[in-house]
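Below: the structure, in structure tokens.
A note on names: the letters A, B, ... follow the listed sequences, proteins ahead of strands, and every chain is numbered from 1.
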Amino acid sequence: MSENTTSPLSWPFREAERIAERLKQKGKDHALFETGYGPSGLPHIGTFGEVARTSWVRKAFTDLTGLPSRLLAFSDDMDGLRKVPDNVPNKEMLREFIGKPLTKIPDPFGKFASFGEHNNNMLQDFLRSFGFEFEFASASDYYTSGRFDDALLHVLRHHDDIVNIILPTLGPERRATYSPILPIHPRTGIVMQVPIEQVDVASGTVFWTDPDDGLKYETAVTGGSAKLQWKADWAMRWYALDVDYEMSGKDLIDSVKLSSSIVRALGKEPPVTLTYELFLDEKGQKISKSKGNGLSIDQWLTYAPKESLSQFMYHAPQRAKKLFFDVIPRATDDYIAAATSLPTAEKPHDNPAWHIHGGVLPEHAGSPVGFGMLLNLASVINADSPEMLWGFIRAYIPGADADSYPFLAKLVHHAIAYNRDFVAPAKKFRAPTEVERAGLTDLAQSLTAGEQGQFPGETPAEKLQNLVYAVGKRHPFAPLKSWFDCLYQVLLGTLEGPRFGGFIALYGVERTVTLIETALARG
RNA sequence: GAGCCUGUAGCUCAGUGGUAGAGCAUCCGACUUUUAAUCGGACGGCCGUGGGUUCGACCCCCACCGGGCUCACCA
């Protein structure tokens with residue numbers, strides 16, 4: 001509201017303006033946002049992106065208009081199971097239920113009343129774990145409770161219109177059998193994709209034939225005895241619930257067009273929609289659950305805080321983005337920069353951190369040290385414990401610790417994981433030469449003997465540094481720099497490294513000795 | 001066939017109708033007991049091509065060329 005309206009708005013506010021305009025035209029005083037879920041898959045990184053982005057638009061809408069709104073997370077759990085997913089137990093059992101609504105199939109995990117319910121719970125847990133505000137909706141509930149009945153009868157009245165909208169988009173084979181109405185077989189419980197031979201608007205039923213045994217059936221479209229085919233289902237939902245906003249991936253562009261046409265045929269305006277680009281993997285291929293390419297949400301959250309994932313999702317939704325490992329550090333540093341500049345931002349609505357945190361920046365947001373720097377540091381010193389990193393961080397920020405910099409503490413934790421899983425395994429430890437071998441052996445013995453106590457220096461780090469220096473001078477290293485090069489390349493697997501005395505002080509004398517012994521054994 | 005995205009420094013990418021930006025890479029320097037993260041500086045771009053609108057275009061419009069994805073079975 002305080003935004004300068006002559007300047008371009010951030011995309012969530014642009015979307016919010018479109019919604020406000022729609023509400024104005026319809027005379028509505030509240031907005032319904034919807035996100036939809038396919039039935040078979042588990043929540044994934046795209047799910048997160050869609051709900052996060054929708055939530056940002058919703059927040060912008062609230063800020064812009066002050067009007068109430070709801071976010072409905074709608075699960076199409078009445079959909080028929082097409083194939084048995086790879087990543088579930090009890091595949092044999094599931095095979096017997098192919099074609100039936102997910103809420104009529106036993107939970108292969110044995111935890112819930114049905115497979116659909118299992119997936120619904122997974123989804124809700126997932127969304128709650130990120131703190132999203134939403135209301136959950138189950139298609140099965142809505143259908144069987146009669147909540148969709150009026151809309152379904154309306155669809156029946158416009159059956160031919162809908163068929164005429166969809167038919168031109170179908171291939172010849174499917175065209176012969178298409179109907180927006182899928183009766184549930186009264187005997188087998190399977191969601192039937194059969195030609196609808198006759199529509200009886202007055203009684204609210206359709207007539208069809210079982211292709212297996214030739215028996216004819218008359219099935220009510222209401223009360224959960226039938227459901228709608230996907231595009232018609234989407235349109236009916238928009239119609240019945242009066243959805244005002246829904247975003248979707250560009251793979252659904254045609255579906256949005258058709259569903260919009262259908263909802264107009266039913267007599268309402270489709271919601272404001274936004275098409276976002278898909279996520280690609282490193283090679284530019286679409287990320288798909290079945291292929292398992294790209295990055296999972298668990299992977300991301302192992303190596304960076306969730307704010308960085310939000311940052312990634314915030315930026316330019318309508319632009320295709322590669323989602324693979326290397327984007328994590330940048331997204332994290334982008335978030336840190338945004339969080340740092342937000343308190344003094346002239347136009348806070350343009351700042352991703354404003355959206356990510358719902359307008360209120362939490363205490364201790366941001367970090368005085370960048371994530372990229374931490375990753376470098378962790379790599380250079382081969383950090384395998386938070387305290388090692390903190391020791392070096394305090395060279396910049398005296399007295400810093402996890403209590404005074406909680407967000408930095410998270411970054412430290414992630415930097416260690418990143419180093420452990422990606423940097424450390426790729427390191428090449430050079431074998432020592434004979435001269436170096438003698439020097440390293442000497443260093444290990446000197447450390448074990450506690451000789452550092454004989455050297456001058458205010459701190460243990462200084463004494464240790466002097467010891468390392470003295471050992472180098474005892475051996476024929478020329479120049480002496482080659483002694484230090486040896487330490488980094490043979491012991492740490494890096495070309496260059498930290499002041500070694502400081503490293504030993506933080507890493508520990510005994511562990512350093514072990515490090516040397518390991519290197520000697522390896523060589 | 002239809003649709004969407006994209007082309008900016010060597011690489012990966014930001015960017016705004018008004019003097020082209022970052023990170024990495026490269027080079028120089030500072031700090032350091034000849035050693036790191038770090039810090040300072042330099043180098044580096046007809047902003048794909050050609051038109052148009054404009055006082056002014058990397059930005060808006062059109063065409064073309066190149067790169068890529070998605071949908072055309074299901075959802």
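With hydrogens and angles left out, the side chain of A:Q465 and the base of B:U35 share a donor-acceptor pair within 3.5 Å.
We find that CG of A:L323 is positioned 20 Å from P of B:G68, with the value rounded to whole Å. For the pair A:W230 CH2 and B:A75 P, the computed distance is 9 Å after rounding to whole Å. The distance from atom CZ of A:F392 to atom P of B:C31 is 21 Å, rounded to the nearest whole Å. In this structure, CG of A:D333 is placed 16 Å from P of B:A22, rounded to the nearest angstrom. In this entry the distance linking CD of A:E462 with C1' of B:U32 reads 13 Å, nearest Å. In this entry the distance linking NZ of A:K231 with P of B:A75 reads 8 Å, nearest Å. The separation between A:Q489 atom CD and B:A36 atom P is 13 Å, rounded to whole Å. Following rounding to the nearest Å, A:D251 (CG) and B:U70 (P) show an atom-to-atom distance of 9 Å.
If you check every strand for non-hydrogen atoms under 4.0 Å, A:I381 touches nothing. Contact annotation for A:G372: no contact, since no heavy-atom pair falls under 4.0 Å across all strands. Nucleic acid contact class of A:R499 (heavy atoms, under 4.0 Å, all strands): base.
Looking at residues two or more places apart in sequence or on another chain, you find a ring pair (Phe, Tyr, Trp, His ring centres under 6.0 Å) between A:F503 and A:F500, A:Y507. Listed by chain and number, the residues in a ring pair (Phe, Tyr, Trp, His ring centres under 6.0 Å) with A:W234 are A:W230, A:W238 (sequence neighbours excluded). When the ring pair (Phe, Tyr, Trp, His ring centres under 6.0 Å) test is applied to A:W390, no partner is found at least two apart in sequence or on another chain. Applying the salt bridge (Lys or Arg N to Asp or Glu O under 4.0 Å) test to A:E34 and every residue at least two apart in sequence or in another chain returns A:R237. With sequence neighbours excluded, the residues that form a ring pair (Phe, Tyr, Trp, His ring centres under 6.0 Å) with A:Y239 are A:H154. For A:D485, the salt bridge (Lys or Arg N to Asp or Glu O under 4.0 Å) test picks out A:K481, with sequence neighbours left out. Under the salt bridge (Lys or Arg N to Asp or Glu O under 4.0 Å) criterion, A:K231 pairs with no residue at all, not counting sequence neighbours.
The salt bridge (charged side-chain N to carboxylate O under 4.0 Å, His left out) analysis of residues 43-52 of chain A, with sequence neighbours excluded, yields no pairs. Sorted by first and then second residue, the salt bridge (charged side-chain N to carboxylate O under 4.0 Å, His left out) pairs involving residues 468-479 of chain A (not counting sequence neighbours) are A:D442-A:R474.
Annotation: B:C11 and B:U32 have their P atoms spaced 38 Å apart (nearest Å). Annotation: B:A42 and B:C47 have their P atoms spaced 22 Å apart (nearest Å). Nucleotides B:C65 and B:G50 place their P atoms 15 Å apart, quoted to the nearest Å. When the P atom is compared between B:A25 and B:C5, the two are found 34 Å apart, to the nearest whole Å. Taking atom C1' on both nucleotides, B:C13 is separated from B:C71 by 28 Å, rounded to a whole Å. B:C46 and B:G3: their C1' atoms are spaced 32 Å apart (whole Å). Rounded to the nearest Å, the gap between the P atom of B:C62 and that of B:C4 is 11 Å. For B:U16 and B:C60, the P atoms lie 10 Å apart once the distance is rounded to whole Å.
In this structure, A:N376 does not reach the B:A36 phosphate: none of its side-chain N or O atoms is under 4.0 Å from OP1 or OP2.
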Here RNA chain B, pairs taken as Watson-Crick or G-U under 3.5 Å and shown with ( ), [ ] when crossing and | when to another strand, reads (((((((..((((....[..)))).(((((.......))))).....(((((..]....))))))))))))....
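Between A:F325 and A:F422, the ring-plane angle classifies as tilted under the 30° and 60° cut-offs. Ring geometry, A:H349 versus A:F13: the interplanar angle falls under 30°, so the pair is classed parallel (tilted spans 30 to 60°). Ring geometry for A:F312 against A:W300 counts as tilted: the plane angle lies between 30° and 60°, on a 0 to 90° scale.
Along RNA chain B, the nucleotide nearest A:M373 and the nucleotide nearest A:A316 are compared for position; the residue whose nucleotide lies closer to the 5' end is A:A316. Along RNA chain B, the nucleotide closest to A:P456 and the one closest to A:L182 are compared, and the more 5′ of them pairs with A:P456.
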Using a cutoff of under 3.5 Å, can you pull out all pairs of nitrogen or oxygen atoms linking the protein to nucleotides 4-12 of chain B, with atom names and distances?
from : atom 1 : to     : atom 2 : distance (Å)
B:C4 : O2'    : A:E277 : OE2    : 3.1
B:C4 : O2     : A:K250 : NZ     : 3.0
B:C5 : O4'    : A:E277 : OE2    : 2.7
B:U6 : OP1    : A:R319 : NE     : 3.2

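Looking at residues 307-315 of chain A, you'll see A:H315 sit with a heavy atom under 4.0 Å from some atom of RNA chain B.
With B:C73, B:A75, B:A36 as the choices, the nucleotide that has an atom nearest any side-chain atom of A:R82 turns out to be B:A75.
Remark: of the listed residues A:S75, A:S140, A:S114, A:S138, A:S75 is the sole one forming a side-chain hydrogen bond (donor to acceptor under 3.5 Å, both in side chains) with A:N120.
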